[in-house]
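Atom set for the values below is all heavy atoms of this structure, side chains included, hydrogens, waters and symmetry mates excluded. The chains referred to below are lettered A, B, ... by the order of the sequence lines, with proteins before strands, and numbering in each begins at 1.
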Protein chains: 2
Amino acid sequence: MDLDAVFRARSVAVIGASAKRGSIGYVIVKNLKDRFRGKVYPVNPKYKEILGLKCYPRIGDVDGEVDVAVIAVPAKTVIPVVSECGRKGVKVAIVISGGFREIGGEGVRLEEMLVEEARKHGIRIIGPNCMGIYDTNTGLDTFFLPTIRCGRPKNGHISFISQSGAFAAAVMDQLTFLGLGMSRCISYGNASDIDETDLIAFLREDDKTRVITMYIETAKGGRKFIEEAYRTTRVKPIIAIKAGRTSRGVSAVLSHTGSMAGSDRIFNSAFKQAGVIRATNFQEMFDMAKALSSQPTPKGNRILVITDGGGAGVMTVDACEMSGLKVPELPDDVKHELKRHFPPYASVHNPIDLTGSVTDDWYGIALEVAGSIDLIDGIIVNVLFQPPRLTLKLADVVADYAREADKPVVCCLWGGRVAESMAKDLESQGVPTYPTPERAVKAMWALYTYGRIRER
Amino acid sequence: MDLDAVFRARSVAVIGASAKRGSIGYVIVKNLKDRFRGKVYPVNPKYKEILGLKCYPRIGDVDGEVDVAVIAVPAKTVIPVVSECGRKGVKVAIVISGGFREIGGEGVRLEEMLVEEARKHGIRIIGPNCMGIYDTNTGLDTFFLPTIRCGRPKNGHISFISQSGAFAAAVMDQLTFLGLGMSRCISYGNASDIDETDLIAFLREDDKTRVITMYIETAKGGRKFIEEAYRTTRVKPIIAIKAGRTSRGVSAVLSHTGSMAGSDRIFNSAFKQAGVIRATNFQEMFDMAKALSSQPTPKGNRILVITDGGGAGVMTVDACEMSGLKVPELPDDVKHELKRHFPPYASVHNPIDLTGSVTDDWYGIALEVAGSIDLIDGIIVNVLFQPPRLTLKLADVVADYAREADKPVVCCLWGGRVAESMAKDLESQGVPTYPTPERAVKAMWALYTYGRIRER
């Protein structure tokens with residue numbers, strides 16, 4: 001597939017490379033040099049060398065093969081550059097340059113000509129007017145922003161595709177800050193050639209991607225998008241943010257992108273047909289994605305809630321019931337067994353309330369005894385850290401259970417510094433954690449919902 | 001008022017003080033010694049001295065006046081201790097000890113006797129079965145948890161009252177971690193005497209409290225609670241979390257507290273009558289509280305949205321419209337004026353989109369020109385930090401405007417480390433910030449809603 005050339009690239013040329021610190025052509029070369037695990041060819045007739053790399057006057061002068069060309073030259077010179085790339089045998093050009101359809105008028109015509117020229121040479125185009133690719137698997141990085149403005153997340157299993165370059169950068173920065181991993185991030189800009197439908201089709205087959213997340217303003221694909229998304233969600237989940245949910249929002253999209261957002265009802269129905277889960281903001285998107293990339297889907301919607309604070313248990317039950325998850329009463333034999341282990345003031349109903357006398361082991365016992373029965377499809381573990389007998393080893397107790405369990409486990413951790421420390425530990429062991437019951441429950445809901453989508 | 005004795009206490013006795021590291025009686029003495037700006041009298045016949053403080057055999061032996069007694073002795077000895085406190089002239093006893101109503105049976109009777117004894121001596125009781133008070137104004141701190149488990153937030157304007165001691169501790173820890181301030185935190189446990197109604201009445205008159213937040217499981221006050229809350233919300237906002245919103249949640253409350261949660265519909269109606277704003281979790285509660293404690297209420301629901309990323313603007317508009325806030329089109333003369341300052345590709349509609357070419361000053365211009373017109377009641381400022389010309393000085397631009405404005409300003413900051421850094425700066429200057437448009441909009445909604453409540 002054409003996109004293999006990008007995501008398995010062994011060599012990248014940067015056309016419009018620059019030795020001028022802080023310029024786009026400089027930052028791209030620097031980031032590639034620092035991160036890309038392949039050959040980097042700066043191209044610019046003005047320089048002999050950039051950052052210690054040999055610089056070529058034209059792409060035709062490069063002596064090796066070039067898989068990908070990153071083009072960052074003024075709009076009007078992009079087309080001749082693409083022709084040269086064609087003659088060189090480049091497979092994909094990532095056109096960073098702006099000044100095309102997004103400026104209207106002449107820009108629209110220029111973009112049409114760009115696509116025509118690329119087709120003639122069998123080159124696929126990402127962009128124009130985009131940030132391009134950040135790929136933690138190969139180190140390909142065409143985001144022309146320094147890491148102080150746009151952090152680079154570590155390797156992970158979630159890929160993100162975005163029409164908006166600004167959002168792609170903000171998301172990368174946020175995931176870095178949160179310590180979350182990412183697989184491939186693609187800002188595809190004007191989508192003159194490669195669009196969200198192509199990207200979804202690629203990511204479906206991509207074994208480095210477990211969950212596809214996307215930000216979409218307009219979908220040009222229509223029927224084709226729904227078909228590809230439908231095929232994809234049978235294999236892995238897609239979570240999408242579509243802005244413009246209200247009539248005022250839709251008119252704001254119009255003034256932002258110059259194109260109609262399309263009725264929100266049409267999008268909702270398309271997402272539903274295709275099995276795409278919709279998120280309202282990035283926090284919710286990555287809350288769900290982190291559960292979907294690390295936990296199995298539950299067989300049903302029956303949730304066990306464990307807590308060491310009664311109120312936390314009640315709030316979790318409320319959130320479950322309000323989102324369509326059930327918190328069933330436990331069978332008598334299970335309650336009887338739990339009673340053998342815990343003092344009389346602990347509650348052996350569901351939620352199981354281990355109270356302030358709790359120890360790390362009590363959580364382990366509750367998980368084993370009540371979590372493992374067939375009646376329970378998924379488990380939400382609440383931890384308040386005030387009980388004096390709890391230690392940070394609790395993370396291992398929960399993670400060890402989750403690792404062996406054939407059902408999902410998510411945690412809600414209440415508090416500040418201790419909670420944060422346990423969250424890091426649990427997440428590094430693949431157990432997703434959240435600071436509020438609503439967010440933990442939303443993650444469990446996403447697991448349940450995706451399980452049903454996949455079974456269609 | 002009786003509660004003045006607690007919140008303006010000049011002297012505290014700890015009955016059940018201990019020299020045993022880690023014990024409840026030790027931690028309380030240590031925290032008081034470290035923080036309380038008044039006299040501390042440890043009481044325990046077993047010791048001559050605790051942590052360098054003279055220890056008294058009985059409270060009657062203390063030579064000075066004692067405003068508050070903290071009682072942390074076994075349940076069955078609490079009543080004689082209260083009698084001694086009465087003879088000493090103590091005004092309020094904070095009974096930390098458990099083993100009363102919450103254990104049922106005999107404990108219920110013991111609690112009744114405790115209250116009777118206290119009435120006989122004119123002593124008011126906080127608790128039993130509580131954490132007591134953490135007061136950043138006087139340093140009174142009866143929370144028997146070390147700071148590693150339960151951080152102590154800095155001084156601020158938000159007070160929190162909670163039936164649940166575990167939640168009070170978790171909230172303190174979380175606010176500390178988030179760098180948010182707090183005024184007075186009260187865990188009132190079994191509410192044998194002083195209850196949420198008394199506390200609200202006190203906090204209404206308290207000039208150290210701008211916003212009252214509360215976690216409530218059951219309200220014994222009924223009519224009286226509604227009346228006091230109604231009087232209070234004319235003066236300052238109350239935000240409440242009431243767990244048990246669903247039928248399964250209500251049955252979980254029953255097994256947690258042994259008392260009926262009361263129909264959620266009844267609570268909702270009581271809150272509505274009283275003008276209490278309801279939150280679903282602590283994150284939402286403090287999101288709203290931080291806006292209400294720092295920003296004026298808007299005169300109406302017409303919001304200006306400023307952004308440097310089109311998608312962020314659209315998502316903010318969506319969130320506004322979905323919560324009942326309006327994002328009106330700007331008048332032609334204002335758009336005309338904005339056009340004079342910004343390039344043609346910036347959008348001068350509402351949301352104003354300053355695009356990736358934005359500078360710090362552009363935000364200032366948009367705020368002055370469009371924010372200051374009568375048509376606009378409140379302003380939500382979105383910042384994505386990727387545009388290269390933005391600097392951290394933007395925080396001053398926004399904060400300077402907000403300080404002079406007679407309308408509320410809240411910010412949504414997109415991204416990771418830079419966003420966090422600007423958030424700290426803005427919040428230290430009194431401008432509340434949020435990481436998602438929904439949370440920023442919810443804060444603005446709370447300001448609008450409280451404005452209407454106060455005007456009743």
Heavy-atom contact with chain A under 4.5 Å, split by part of [X]:
X: B/P328; value: backbone
X: B/T147; value: backbone
X: B/P146; value: neither
X: B/T280; value: both
X: B/I103; value: neither
X: B/P344; value: neither

(message) Between A/R417 (side chain only) and B/I148 (backbone N and O only), is there a donor and an acceptor less than 3.5 Å apart?
(response) no
(message) Using modelled atom types and a 3.5 Å cut-off, is there a donor and acceptor pairing between side-chain atoms of A/R248 and backbone atoms of B/V327?
(response) yes
(request) Check each atom of A/L390 against the heavy atoms of chain B and say whether the ones under 4.5 Å are side chain, backbone, both or neither. (result) both
(message) Please classify the contact between A/D308 and chain B as side chain, backbone, both or neither, with a heavy-atom cut-off of under 4.5 Å.
(response) neither
Between [atom1] of [X] and [atom2] of [Y], what distance do you get to the nearest 0.5 Å?
X: B/F167; Y: A/L384; atom1: CZ; atom2: CG; value: 6.0 Å
X: B/T436; Y: A/M285; atom1: OG1; atom2: CE; value: 13.5 Å
X: A/W414; Y: B/N281; atom1: CH2; atom2: CG; value: 7.0 Å
X: B/S251; Y: A/E329; atom1: OG; atom2: CD; value: 7.5 Å

(message) Quick check: do B/E438 and A/Q283 have side-chain heavy atoms less than 4.5 Å from each other?
(response) no
(request) Would you mind reporting whether A/M315 and B/I241 have side-chain heavy atoms less than 4.5 Å apart? (result) yes
(request) Count the heavy-atom pairs under 4.5 Å between each of A/T246, A/D318, A/V418 and chain B, then report the option with the highest count. (result) A/D318
(request) Among the options A/A419, A/P435, A/A169, A/A166, pick out the one with the most heavy-atom pairs lying under 4.5 Å from chain B. (result) A/A169
(request) Specify which of B/G151, B/A312, B/P437 makes the most heavy-atom pairs with chain A at under 4.5 Å. (result) B/A312
